[in-house]
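Taking it in order: structure first as structure tokens, then the write-up.
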Amino acid sequence: MIQSMTGFGKHVIQLSTKKITIEIKSLNSKNLDLNARIPSAYREKELELRRTIASSLERGKIDFGLYIENTGGETFSFVNEGVVRQYMQQLGNIVPGNEMGLLEIAMRMPDTMKTEREDINPEEYLVIKDTLTKALEEINTFRTEEGKVLEADFLARLATLNDLLEQVAAMDPDRLLTIRERLEKAVSDLKTELDANRFEQELIYYLEKYDITEEKVRLKNHLDYFGSTLKSDDSNGKKLGFISQEIGREINTIGSKANFAPMQQLVVQMKDELEKIKEQMLNVL
């Protein structure tokens, strides 16, 4: 079953003094492109978190956010008292003012607040990893549901392509007959006597160049292979992309050999269906 690369997962857990939120968003990309936003206290764990995400999502443009909100009154930011007093003294030397006014101005100056680095709490980190696991489960569920929509669309377009191929096969004898009649008329218009056997040999050779039997067989095989790959256990977006390229090759060859307006119209419809498949293919994992 195929998966989409588009997805969203979010999980929130409330601890006694903190609320932990993890959000993961993904869009289509040829490779894994992971952008992580995490608190500075957990920078040393970033590589491990990235590995966990990469092993689960494999491919896509992914935005990962870890947000930790203190809800229990704890704070790790403090007023840098020495710096504030120096600012107030210098400001007072420049212009007289009351202490509250000087304090208000001083607090807007650089380095008036200092933040103590919070050590990683092992129990809290275990909760974060568990929260990440649940968020990954959510985004993978989202991707699977989107994949079902894509699969239904692909199957419908495959059915259309198979129907058009059957129409091509059905009109092929008439096409060859029309080409033959066209050539015979062109020769008769020359009003020149020709060796009948030689003409027949040349005609057969010429018609062989317009034969599309192999292309019809290969196209049918590619369409069947595409359908069976859709039903495989893993999502094979790149493989499906390669198969769709082969489908396009056979359709183009049929179009170049057709030399018959009704068949060329069918080829245009086939190209249109394949183009829509290729557009959707960009979203397949």
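Keep in mind it's a predicted model, so treat the numbers as computed, not measured. These values consider heavy atoms only, across backbone and side chains, with no hydrogens, waters or symmetry-generated copies. Positions are given from 1, in the same order as the sequence printed here.
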Closest contact, heavy atoms only, [X] versus [Y]:
X      : Y      : result
Ser26  : Ile62  : CB-CG1, 3.9 Å
Ile139 : Gly7   : CG1-C, 3.6 Å
Ile251 : Lys271 : CG2-CG, 3.7 Å
Ala106 : Val84  : CB-O, 4.1 Å
Thr6   : Phe142 : O-CD2, 3.6 Å
Met270 : Leu161 : O-CD2, 3.6 Å

Under 3.5 Å, is there a donor-acceptor pair between the [X] and [Y] side chains?
X      : Y      : result
Lys61  : Asn35  : no
Glu48  : Tyr125 : yes
Asp163 : Gln167 : yes
Glu215 : Thr253 : no
Lys220 : Tyr225 : no

Residues [X], [Y]: salt bridge by 4.0 Å N-O rule:
X      : Y      : answer
Arg249 : Glu246 : yes
Glu145 : Lys148 : yes
Glu69  : Lys18  : no

Is it true that a side-chain atom of [X] and a backbone atom of [Y] form a donor plus acceptor pair closer than 3.5 Å?
X      : Y      : value
Asn252 : Gly248 : yes
Arg50  : Lys45  : no
Asp130 : Leu126 : no
Arg143 : Leu57  : yes
Glu138 : Lys10  : yes
Tyr87  : Pro110 : yes
Thr112 : Arg108 : no
Thr160 : Ala156 : yes
Glu123 : Val127 : no
Ser29  : Gly60  : no

> With Gln280, which of Asp153, Val149, Leu240 fulfils side chain to side chain contact (heavy atoms under 4.5 Å, CB included)?
Replying inline: Asp153

> Does atom NZ of Lys216 have more than 12 heavy-atom neighbours, drawn from other residues, nucleotides or ligands, at distances under 6.0 Å?
Replying inline: yes

>> Between Phe226 and Val217, is there shared hydrophobic-cluster membership here, with clusters defined by ILVMFWY side-chain heavy atoms closer than 4.5 Å?
In response: no

>> Evaluate Ile254 against Leu266 for side-chain contact (heavy atoms from CB on, under 4.5 Å), listing each step before the verdict.
In response: CA-CA 10 Å; Ile254 290 173; Leu266 292 176; over 6 Å; no

> Looking at residues at least two apart in the chain, or sitting in another chain, which of them share a side-chain contact (heavy atoms from CB on, under 4.5 Å) with Ser56?
Replying inline: Leu136, Asn140

> Please walk me through it: do Met5 and Val284 pass side-chain contact (heavy atoms from CB on, under 4.5 Å)?
Replying inline: CA-CA 6 Å; Met5 277 188 282; Val284 178; 6.0 Å; no

> Given the rule in the side-chain contact (heavy atoms from CB on, under 4.5 Å) test, do Lys19 and Val12 qualify, once you have shown the distances and angles that lead to the verdict?
Replying inline: CA-CA 7 Å; Lys19 183 172 79 169; Val12 181; 3.8 Å; yes

State, with a plain yes or no, whether a side-chain heavy atom of [X] is found less than 4.5 Å away from one of [Y].
X      : Y      : value
Phe64  : Ile22  : yes
Leu230 : Asn236 : no
Ile277 : Phe154 : yes
Met1   : Asp233 : no

>> side-chain contact (heavy atoms from CB on, under 4.5 Å), that's the test. Do Phe260 and Asp172 meet it? Break it down for me.
In response: CA-CA 9 Å; Phe260 188 56; Asp172 197 24; over 6 Å; no

>> Using side chain to side chain donor-acceptor pair (under 3.5 Å), reason through Thr213 and Asp211 one step at a time and then give a plain yes or no.
In response: CA-CA 6 Å; Thr213 302; Asp211 184 71; 3.1 Å; yes

